[in-house]
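Report on the following structure.
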Number of protein chains: 2
Amino acid sequence: MVSSRERKVASKPDTREEILRTASRLLQLNGFNGFSYGHIAKELGVKSAAVHYHFPSKAALGVALVDRFRTRYRLWMEDAAGLPAADQLSGYVAIHRRFLERGARVCPGGVLQAELYAVPEEVQASVTQMAQEVHDWLVEVLTAGRASGELTFEGPPEAMATVVGATVQGALQMARILGAEQFDLAEAQLWRFLGVSRELTKS
Amino acid sequence: MVSSRERKVASKPDTREEILRTASRLLQLNGFNGFSYGHIAKELGVKSAAVHYHFPSKAALGVALVDRFRTRYRLWMEDAAGLPAADQLSGYVAIHRRFLERGARVCPGGVLQAELYAVPEEVQASVTQMAQEVHDWLVEVLTAGRASGELTFEGPPEAMATVVGATVQGALQMARILGAEQFDLAEAQLWRFLGVSRELTKS
DNA sequence: GTCTATATCCGGATAGAC
DNA sequence: GTCTATCCGGATATAGAC
């Protein structure tokens, strides 16, 4: 699927992609207002003007970051669509736990929500869409999971979705201070509330 | 409060205090890196140099903000110490819901955790202490509450504390995007998990 | 305590050479 | 595509007058 035209001859694996990866890491660590073109450029060994070439404005960069994350998310959801509800939820948690493992990062969506009114409007719009999509997905999975008998939680799926999403986001941020174990504790607790014995669905 | 001009000349209730209140509001709305001396000064109708007089550096201002919040918290905890566990937890949630009501703000502690590595070290230290204190308090209340039979949740109090804290923080941030109702849904769900019928402890 | 003025630096952004 | 050079504005911070 890779066109023959764009084979990178050894040491030139697409600067644009590297920018996105670096920026993504910085976003997860420091927040949107906690990194700059200069930071990205320095890490990549280029000048900030080069970054501007690929992303004219920081708003554009922010939107690209969110949309990239959003796309991956959607692909993953489609991929996991057939699985049991518990497995889908397990994957959802695992995705977030990975942020933690990669050096105390937090979810890009979460940190952008926290500083929502301090980021460009275009970015706000993208974040809003992503958050809504993820929330809808959670509601869906929880609804189906309970209908099929896989899950046995109480209360409306809508409320449960908010608790699951908020717990994951919040625990991720909290884990930086209280330690990574807190995230695992929170996860274990969620499984109890969902009526799932975790050992069974360990991925 | 009223549309009539505020006579700031007549009533002079400590500029320092007004700075803290304004900065606190901006912090809750935009995050630590989302406001400046200039913003504070403009809102108060003074120059930024005046703000520097009261708080020499932004780190100092940040620490003052956190410590002020921390102190209030501690006083409130002492105050509520005698109450039933459900009432204490209810108050805890209410404190946070108030942020929401005051114009889609989030918890200062929460937003600082989100951008933790992008704030001055002194501020990080204060935030860490506050978060630890609140967490310890939650564990205590939950432990005592279950021991007394008031609460009937499953799992270790430690894990439940993380879920409660994370849910509140996360739901607050999420409510900006998904709507304030989400916070209430999450709260209701928490009460279910705690085995408390919410109507009884409505404050 | 607050002001004016200023120093310094940084961040976002653009123009044009290579 | 990346560089050098540069502009602009904003942010932190300080000095000294009032």
Qualifying residues under side chain to side chain donor-acceptor pair (under 3.5 Å), relative to [X], sequence neighbours excluded:
X      : result
A:E181 : none
B:E122 : none
B:Q189 : B:R192

Rounded to whole angstroms, how far apart are [atom1] on [X] and [atom2] on [N]?
X     : N      : atom1 : atom2 : value
B:F32 : D:dT12 : CZ    : C1'   : 11 Å
A:H52 : C:dA13 : NE2   : P     : 6 Å
A:Y53 : D:dT4  : OH    : P     : 18 Å
B:F55 : D:dA13 : CZ    : C1'   : 16 Å
B:L61 : D:dT12 : CG    : P     : 9 Å

Short side-chain N/O contact to D:dA11 OP1/OP2 from B:S48, under 4.0 Å =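 Looking at the OP1 and OP2 atoms of D:dA11, neither is under 4.0 Å from any side-chain N or O of B:S48.
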Under 4.0 Å between a side-chain N or O of B:S57 and OP1 or OP2 of D:dT12?
-> no
Residue A:A49, side-chain atoms from C-beta onward, closest of D:dC3, C:dT4, D:dA13 = D:dC3
Look at the side chain of B:A50 and decide which nucleotide, out of C:dA13, D:dT12, C:dT2, has an atom nearest to it.
->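 Between C:dA13, D:dT12, C:dT2, the one nearest the side chain of B:A50 would be C:dT2.
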A:R72 atom CZ, neighbour heavy-atom count above 12 within 6.0 Å | no
Does CZ in B:R21 sit with more than 12 non-hydrogen atoms of other residues, nucleotides or ligands closer than 6.0 Å?
->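 No.
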What is the bend of the helix from C:dG1-D:dC18 to C:dC18-D:dG1 when you compare the axis at one end with the axis at the other, using five pairs each and rounding to 10°?
->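 Helix axis angle between the two ends: 10°.
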Under 3.5 Å, is there a donor-acceptor pair between the [X] and [Y] side chains?
X      : Y      : answer
B:Q169 : B:Q113 : no
A:T22  : A:E43  : no
B:W137 : B:E133 : no

May I ask you to say whether A:E101 pairs ionically with A:R97, meaning some side-chain N is under 4.0 Å from a carboxylate O?
->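 Yes, charged N to carboxylate O under 4.0 Å.
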Within residues 109-118 of chain A, residues whose heavy atoms come under 4.0 Å of DNA chain D = none
Show your working on side-chain contact (heavy atoms from CB on, under 4.5 Å) between B:W191 and B:L194 and close with a plain yes or no.
-> CA-CA 5 Å; B:W191 289 123; B:L194 290 165; 3.8 Å; yes
Got a sec? Which of residues 34-45 of chain A come in under 4.0 Å of DNA chain C, heavy atoms?
-> A:F35, A:S36, A:Y37, A:H39
Across the strands shown, which category fits A:K47 at heavy-atom distances under 4.0 angstrom: base, sugar-phosphate, nothing?
-> base
Looking at the rings of B:F153 and B:F193, which for Trp means the six-membered one, are their centres under 6.0 Å apart?
->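 No; B:F193 has its ring centre 6.0 Å or more from that of B:F153.
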